[in-house]
Amino acid sequence: MMISVKRILRSGWEKFSRDRSSTGAALVVMTVVLFVVSSLFLLQGMSTFLVERLEGGVDVSAYFKDTVSEEEIFEVRSQLLSLQEVKEAEYISREEALRRFVDAYRGQEEILAPLEAIGRNPLYAHLNVKARDPKQYDQIAEFLAGEAFASAIASIDFYDRAPLIERLSLITSGIRGGVLAVSAILSIIAVLVAFNTIRLTIYNSKEEIEIMRLVGASSWFIRGPFLVQGALVGATASFLTLLFLLAIGFFGSKPLYSFSGFDVFAFLLGHFFSLLLLCLAAGIGLGVLSAAIAIRRYLRV
Amino acid sequence: MIRYRNVTKIYPDNSVALRDVSFDVQHGEFVSVVGKSGAGKTTLLKLLLAEERPTKGEVLFEELSVHQLRPSDLPQLRRNIGMVFQDYKLLNSKTAYENVAYVMEVMGLDEETIARDVQEVLEIVGLEDRVHHYPLQLSGGEKQRVAIARALIHRPRVIVADEPTGNLDPYHTRDIIRLLLRINELGTTVILATHNKEIVNRLERRVLTLVEGRLVRDEKQGKFIVV
């Protein structure tokens with residue numbers, strides 16, 4: 001048994017290293033396929049980054065009357081945090097609100113001058129609430145608008161921004177859906193291309209398979225080396241793909257970062273092992289599966 | 001040893017390759033199957049290897065009905081038969097040594113036995129200095145000798161040669177036939193399909209003559225007679 005496994009592995013390696021034309025063709029196609037698949041992984045990462053950035057800019061703010069103490073605001077905050085929909089609730093004191101306002105409009109005297117004219121801090125203490133899902137802002141705003149907080153809350157800014165939040169929600173789910181659909185379609189095309197290339201490689205070996213059958217080789221002794229060759233093509237293509245991706249990430253990182261804020265190279269390094277696993281699984285899986293399916297017809301007696 | 005019983009083979013396009021063919025081959029015989037191209041010689045040999053199924057009748061090898069074997073048992077049957085083809089059917093990605101060794105590898109023999117036997121058989125067929133050459137680096141005669149070495153290596157009970165000299169010049173043809181005779185003298189049954197009149201007449205062995213799929217003559221020391 002062990003001797004047969006050893007011979008199948010050796011024979012697979014010989015096919016991979018000696019049959020250069022078919023191995024080369026399969027390697028090129030498999031590398032392109034894996035490049036497409038890992039680019040889709042990159043696209044998913046990029047779209048998630050952009051969607052999170054869009055969603056991060058959205059919140060609901062509840063402004064508290066001057067008469068409400070900090071303890072009471074913290075009480076409201078802890079009630080909010082107990083809600084499943086709430087991801088975080090940041091407390092901004094009146095002083096902090098003023099500091100941020102001044103920082104934001106530094107150098108714009110026409111905006112800051114009225115503040116000095118008033119002579120006191122006109123800003124409210126408030127809670128900036130972020131939801132887990134943009135669709136949940138509605139429920140959070142309704143919770144804050146309830147009877148329990150009517151005497152403490154001066155205003156909630158959600159109702160002014162509701163259309164913007166809804167539109168953002170539509171855009172982000174559109175991006176996610178679009179990326180998913182494109183990924184699915186391209187993945188199917190990639191799998192079909194890889195499968196057909198391996199099938200052609202095995203078609204070229206049909207005479208060899210016939211000879212092996214005629215000299216009394218068992219189906220596994222014939223099939224095995226082709227599966228090993230498929231696995232080696234997949235594994236080699238995985239490493240080539242990662243090399244290309246890292247090279248492209250390294251040289252293309254700067255322009256993309258200045259355009260979108262997304263650091264491709266850092267993303268690739270951060271997800272290196274996930275990508276390696278994805279490529280190896282897709283490459284070896286496709287190589288072995290395609291070879292197994294394609295060789296079946298030539299093994300029929 | 002080998003028995004064809006009322007074998008008829010009709011292909012799906014209705015062409016009749018064999019019609020009601022019956023004969024026996026005994027252990028140690030040298031049998032030539034002659035006939036024009038298309039007479040049914042190759043089909044006759046393919047039936048023995050279970051490459052084709054008969055439309056009627058049966059083929060027995062050592063009392064086993066070849067076509068009733070399960071697909072998983074066919075490799076075992078084929079390991080008892082050494083095949084030599086007109087177009088050599090060598091594995092182009094393997095060297096002469098590896099082509100011959102392959103048969104022993106599929107049988108699960110150990111490396112030491114393989115190394116010893118392959119070297120010996122390649123010496124018998126006169127290819128000891130071509131061991132590491134690939135088929136594309138060999139002449140037609142050398143390729144056929146590799147094919148014979150491969151057919152011999154596992155000491156099969158029978159060697160079936162289908163037009164083994166069809167692509168060879170007279171000198172290589174003579175060498176190959178000499179080899180087959182030597183193998184037969186060592187006790188292996190040989191079935192040789194050919195349309196080379198000169199070879200058959202020189203052999204003076206048993207001759208089966210096929211005409212349009214019918215076995216028209218079976219002579220102990222036959223001649224190639226054009227029908």
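Protein chains get the first letters and strands the later ones, always in sequence-line order, with residue 1 at the start of each. Values below: all heavy atoms of this structure, side chains included; hydrogens, waters and symmetry mates excluded. As the structure is a prediction and not an experimental result, all values here were calculated from the model.
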Margin query: Given heavy-atom pairs under 4.5 angstrom as the criterion, report whether the side chain, backbone, both or neither of A:R20 touches chain B.
Written below: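 Nothing of A:R20, per the 4.5 Å heavy-atom cut-off to chain B.
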Item checked: Residue A:I211 versus chain B: region with a heavy atom under 4.5 Å ->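 It is the side chain, since no backbone atom gets that close.
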Check: Using non-hydrogen atoms and a limit below 4.5 Å, what part of residues 133-153 of chain B faces chain A?
Finding: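 Contacts with chain A: B:Y134, B:R150.
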Next item on the list: Sort out for me which of A:E14, A:E207, A:E210, A:M212 touches chain B most, counting heavy-atom pairs under 4.5 Å.
Entry: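 When all of A:E14, A:E207, A:E210, A:M212 are compared, A:M212 has the most.
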Any salt bridge between [X] and [Y], counting N to O under 4.0 Å?
{"X": "A:R132", "Y": "A:E85", "answer": "no"}
{"X": "B:E105", "Y": "A:R10", "answer": "yes"}
{"X": "B:E58", "Y": "B:R3", "answer": "no"}
{"X": "B:E98", "Y": "A:R18", "answer": "yes"}

Note to self: Report which part of B:L77 has an atom under 4.5 Å of a heavy atom belonging to chain A: side chain, backbone, both, or neither.
What the structure shows: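 Interface part for B:L77: neither.
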Checklist line | Closest-packed option against chain A by number of heavy-atom pairs under 4.5 Å, given B:I81, B:L91, B:N92 | finding: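 When all of B:I81, B:L91, B:N92 are compared, B:L91 has the most.
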Check: Do you know which of B:P75, B:S93, B:P156, B:G108 has the most heavy-atom pairs with chain A at a distance under 4.5 angstrom?
Finding: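 Highest number of heavy-atom pairs under 4.5 Å: B:P75.
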Item checked: Heavy-atom pair with the smallest gap, counting every atom of A:S187 and A:L40 ->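 Scanning both residues completely, I find the closest heavy atoms to be OG-CD1, 3.5 Å.
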Check: Are A:F221 and B:Y102 near enough that their ring centres are under 6.0 Å apart?
Finding: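 Yes, the ring centres sit under 6.0 Å apart.
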Notebook entry, point to check: According to the salt bridge (charged side-chain N to carboxylate O under 4.0 Å, His left out) rule, which pairs have a member within residues 152-164 of chain B, sequence neighbours left out?
Noted result: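 For residues 152-164 of chain B: B:K41-B:E163, B:E62-B:R157, B:D117-B:R155.
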Item checked: All side-chain contact (heavy atoms from CB on, under 4.5 Å) counterparts of A:K15, not counting sequence neighbours ->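 A:K15 satisfies side-chain contact (heavy atoms from CB on, under 4.5 Å) with A:D19, A:S205, A:E208, A:P225, A:F226, A:Q229 once adjacent residues are dropped.
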Can you give each donor-acceptor pair under 3.5 Å made by side-chain atoms of residues 183-194 of chain B, sequence neighbours left out, with the distance rounded to 0.1 Å?
unit_1 : atom_1 : unit_2 : atom_2 : d
B:N184 : OD1    : B:R205 : NH1    : 2.9
B:N184 : ND2    : B:G28  : O      : 3.1
B:N184 : ND2    : B:E29  : O      : 3.2
B:N184 : ND2    : B:T188 : O      : 2.9
B:T189 : OG1    : B:G28  : N      : 2.9
B:T194 : OG1    : B:N196 : N      : 2.9

